[in-house]
Amino acid sequence: MAGSAEQRGTGIGRRLLVAPVVLVGAMLVLAGCGDVNRFQTAAPHSVKPAKPARAAVQTPAAEHEHERILASYGGAYDDPRLEALINKTVERLVAASERPDLTYKVTILNSGAVNAFALPTGQLYVTRGLVALANDTSELSSVLSHEMAHVLAKHAAIREDQARQAALVSHVVTEMGTDPDLTALALAKSKLTLASFSRAQEFEADGIGVGISARAHFDPYGAARFLAAMERNAALKAGKPSLDPRSQDFLSSHPATPERVENAKANARQYSAPAQGERDGETYLDAIDNIVYGEDPSEGFVRGRRFLHPKLGFTFQAPEGFSLDNTAQAVIGVREGGSQAMRFDVVRVPAEQKLTEYLNSGWMENVDKGSTEELTINGFPAASAVASGEQWQFRVYALRFGSDVYRFIFATRHKTTESERNARETVASFRRLTLDEIQAARPLRIKVITVQPGDTVESLSHRMAGVDHPAERFRVLNGLDPHAQVKVRSRVKIVVD
C-alpha cells in the first residue's frame, strides 16, 4: 500500500464486476474490483535495483516484466553492502558455470517472503526474506546457482511460455465476465504465473546448481542445508495460508521433499566431503546485519487484526475471527471458515463527485440504489450501499480521507445481524494514526549478536520482537536443529524492532 490514487494517475477504467469470494484450495480470493496499483509506494522508483554483476540483455518485454515484479514485491531493496556481496557471489558462480559468457542481473526484492526466481533473460531475483533466512554465503550461492541453472537449462523460457498462455486465458475469461467464480479462479492462477517447475526440472536445476557452487569453491552442501531450512520455515507458516502472491515462498514454486534434500546431498558428495567447502559465514552475517525483516511499514502492515499505514496515516481493525493479509492489490480479510470476507482498497474518485454517486456509477453490478446513504465516519465523509449476487451479499462503504477515497467491501454468504455489525464496526474503527503511533511503526530488523556465557536458545529467543513462535523462529533463522544449543562466542541472528 502506498501513495495516493491522484499521484498514480490510475482509476476505474472500465466497468468492473464484484466477483464472489472463491475457495481455491485453502485460499479465499475476493476478485474483480479495485485499482490494481492500489497503495503501491514509490519504492520501485525511489530505490535502485542491485547493480548487475554483469549487465543482462534488456528487451522491452523483459523490462516490462521487471517493473511488474518490482510493483508486486514492494520494489527493490537498497543495501549497498548486501548488493556487493551478492554481486561478488554471482561473479564467482558465472565464472564457474558452463556458460561464463552468459550475463545476469540480480535484484533484491523488498519482500519478507522467502523466494527467488529467474527470467529467461538472466534477470535473477531474491527476496530479503530469503537472504535473512540463509546463514552463510554458500547457502545463498546454492539459491543463485539453482536459478542460474533454470536459465541455463531454458526452464525459465518454458515457464514463461506457460505463463503467457495462462495470462491469455485469464484475459479472455475476465473479458467474458459471465462466470464470476471462473473469473476469480483465473485471476488467482494468473497471479502465480512464476510457479511452478516440474519435478524433473527441479532435480535437474539442483544438480547443475550444486556443480556450479562446488566449482566456484563454495560448500556444495549449502543447497541441502538451505532446502531443509526452507522446509522448517514453511512449517512455521502451516495453517496460515496467505492470499498474497508476494508471500508465496520458494517451496511454492520449487517443491522440496526429503527426497530432494537427500538428492542435493548426493550431488554434493560428488565434489567434496562435508565441511570442506567454503561457507564464508562471517562475511555473510556482516552483510545482513540490520536488514529489514518481515513486512515493510512503508507499505502498511498487519498486526493481529489491525492494519496500519504510517505513511498515509490511518489504521482500522478487522472483526473478531478475521485474519488480514496485505496484498499488492488490497488488504484482504477472511473469517475462519470462509463464510465472510472483506476487501479494503483505494480508488480514484473526482473531488466534485458525491460518494453516493460513485457507489451507483456502474463499477459494481446489482447495487440496490435504494440502500445508498450518506454517512460521516469519525469525521470523514462516507457513503454505503448493498449489492447482491447469486451466492454472496455485499455491503460496500466508500470513505474520503484527504484526497483519496478508500473502499471497504464486505461479502457474506448470508446477510445476518452479525455480518452487518462486523461491517459497521470495521469501518467505524478507521481513524487517523497519532504521531506517536506513526513514529513507533518501525520495521523489524535482523540483528547479529555474539553468544555470551549463560545464553541459551530460550533466553536469546526472548529478545526477539514482533515474531510468532520466537524459540522455533530463532532456531530456524540460525540453522539450529530442534535440540541443538548455541555455542559461546558464536554469532547468531535475532529479530529486533
Side-chain angles (χ1 to χ4, degrees), residues 50 53 77 79-93 96 106 108 114 116 126-147 209-210 212-233 250 261 264-265 267-269 271-293 445-453 455-457 460-461 463-464 472-496:
Y77 183 66
D79 187 326
R81 184 171 54 174
L82 186 55
E83 290 166 7
L85 173 69
I86 290 177
N87 288 329
K88 182 180 178 182
T89 303
V90 170
E91 286 285 359
R92 284 177 59 175
L93 295 172
V106 186
I108 309 169
V114 178
V126 293
T127 60
R128 57 172 168 75
L130 184 146
V131 172
L133 182 61
N135 277 291
D136 56 50
T137 311
S138 73
E139 292 184 8
L140 177 67
S141 76
S142 75
V143 174
L144 294 170
S145 60
H146 178 99
E147 295 306 325
V210 168
I212 293 173
S213 286
R215 290 192 298 274
H217 305 296
F218 288 114
D219 177 11
Y221 291 86
R225 289 198 308 277
F226 197 58
L227 279 171
M230 287 189 293
E231 284 188 296
R232 294 174 63 195
N233 185 69
F250 189 83
V261 173
K265 291 179 181 177
N267 286 327
R269 280 194 290 269
Y271 298 95
S272 73
Q276 288 188 357
E278 179 185 329
R279 294 191 180 186
D280 200 14
E282 293 301 309
T283 301
Y284 190 81
L285 291 177
D286 286 341
I288 69 169
D289 190 22
N290 205 43
I291 68 168
V292 173
Y293 181 83
R445 292 185 180 273
I446 291 288
K447 183 176 178 60
V448 178
I449 61 173
T450 301
V451 177
Q452 302 297 321
D455 284 340
T456 65
V457 168
L460 291 171
S461 66
R463 297 171 61 179
M464 303 263 278
E472 293 94 329
R473 183 76 57 189
F474 177 85
R475 289 184 179 279
V476 169
L477 273 176
N478 291 286
L480 294 173
D481 292 335
H483 302 294
Q485 292 300 318
V486 292
K487 298 177 180 178
V488 176
R489 290 185 296 280
S490 65
R491 299 173 76 199
V492 294
K493 295 175 286 185
I494 61 173
V495 179
V496 299

*Asks:* If you look at every heavy atom in Ala132 and Ile291, which pair is closest and at what distance?
*Replies:*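 Taking Ala132 first and Ile291 second, the nearest heavy atoms are CB-CD1, 3.9 Å.
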
*Asks:* State, to 0.1 Å, how close Ala229 and Val476 come at their nearest heavy-atom pair, and which atoms those are.
*Replies:* O-CG1, 4.0 Å

*Asks:* For the CG atom of Leu477 and the CG atom of Leu460, what is their distance to the nearest 0.5 Å?
*Replies:* 12.5 Å

*Asks:* Looking at Val496, is its backbone amide N or carbonyl O close enough to the side chain of Arg445 to form a donor-acceptor pair, meaning the two atoms are under 3.5 Å apart?
*Replies:* no

*Asks:* For Ser272 versus Tyr221, what's the shortest heavy-atom pair and its separation?
*Replies:*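 Scanning both residues, the minimum pair turns out to be O-OH, 2.9 Å.
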
*Asks:* Are the charged groups of Asp219 and Arg225 less than 4.0 angstrom apart, N to O?
*Replies:*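 Result for this pair is yes, salt bridge flagged.
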
*Asks:* Show the nearest heavy-atom pair for residues Arg475 and Gln485, with the distance to one decimal.
*Replies:*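 Looking at all heavy atoms of both residues, the shortest contact is NH2-NE2, 3.8 Å.
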
*Asks:* Taking the side chain as every heavy atom from C-beta outward, state whether Asp136 and Asp280 have any pair of such atoms under 4.5 Å apart.
*Replies:* no

*Asks:* Checking the side chain of Tyr293 only, and the main-chain atoms of Lys447 only, is there a donor and an acceptor separated by less than 3.5 Å?
*Replies:*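 No, Tyr293 side chain to Lys447 backbone: no donor-acceptor pair under 3.5 Å.
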
*Asks:* Around atom CZ of Arg81, are there more than 12 heavy atoms of other residues, nucleotides or ligands at under 6.0 Å?
*Replies:*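 Count over threshold, so yes.
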
*Asks:* Restricting to salt bridge (charged side-chain N to carboxylate O under 4.0 Å, His left out), what partner residues turn up for Lys493, sequence neighbours left out?
*Replies:*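 Not a single residue meets the salt bridge (charged side-chain N to carboxylate O under 4.0 Å, His left out) criterion with Lys493.
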
*Asks:* Minimum heavy-atom separation for Val210 and Ala223, please, with both atom names.
*Replies:* CG2-CB, 3.9 Å

*Asks:* As an exercise, state the distance from CG of Leu227 to CD of Glu139, rounded to the nearest 0.5 Å.
*Replies:* 10.0 Å

*Asks:* Restricting to non-hydrogen atoms, name the atom on Val457 and the atom on Ala484 that form the minimum distance, rounded to 0.1 Å.
*Replies:*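 In terms of heavy atoms, the two residues are closest at CG2-O, 3.9 Å.
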
*Asks:* Rounded to the nearest 0.5 Å, what separation is found between the CZ atom of Phe218 and the OG atom of Ser141?
*Replies:*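 Separation between the atoms: 5.0 Å.
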
*Asks:* With rounding to the nearest 0.5 Å, note down the distance linking CG in Asp289 to OH in Tyr284.
*Replies:*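 Going from CG on Asp289 over to OH on Tyr284, the span is 12.5 Å.
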
*Asks:* Under 3.5 Å, is there a donor-acceptor pair between the side chain of Arg279 and the main chain of Ser138?
*Replies:* no

*Asks:* Could you give the distance from NZ (Lys88) to OG1 (Thr283), rounded to the nearest 0.5 Å?
*Replies:* 7.0 Å

*Asks:* Are side-chain heavy atoms of Glu83 and Tyr77 found at a separation under 4.5 Å?
*Replies:*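 No - every pair of side-chain heavy atoms lies 4.5 Å or more apart.
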
*Asks:* State, with a plain yes or no, whether a side-chain heavy atom of Arg232 is found less than 4.5 Å away from one of Asp481.
*Replies:*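 The answer is yes, as the side chains (C-beta and beyond) meet within the 4.5 Å cut-off.
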
*Asks:* If we ignore hydrogens and angles and just use 3.5 Å, is the side chain of Asn478 paired with the main-chain N or O of Val492 as donor and acceptor?
*Replies:*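 Pair absent, no side-chain N/O of Asn478 close to backbone of Val492.
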
*Asks:* Can you find a heavy atom in the side chain of Asn290 that is under 4.5 Å from one in the side chain of Ile446?
*Replies:* no

*Asks:* If the test is side-chain contact (heavy atoms from CB on, under 4.5 Å), which one of Leu85, Asn135, Val131 qualifies with Ile288?
*Replies:* Val131

*Asks:* Report the distance from atom CD1 of Ile108 to atom CD1 of Ile86, rounding to the nearest 0.5 Å.
*Replies:* 3.5 Å

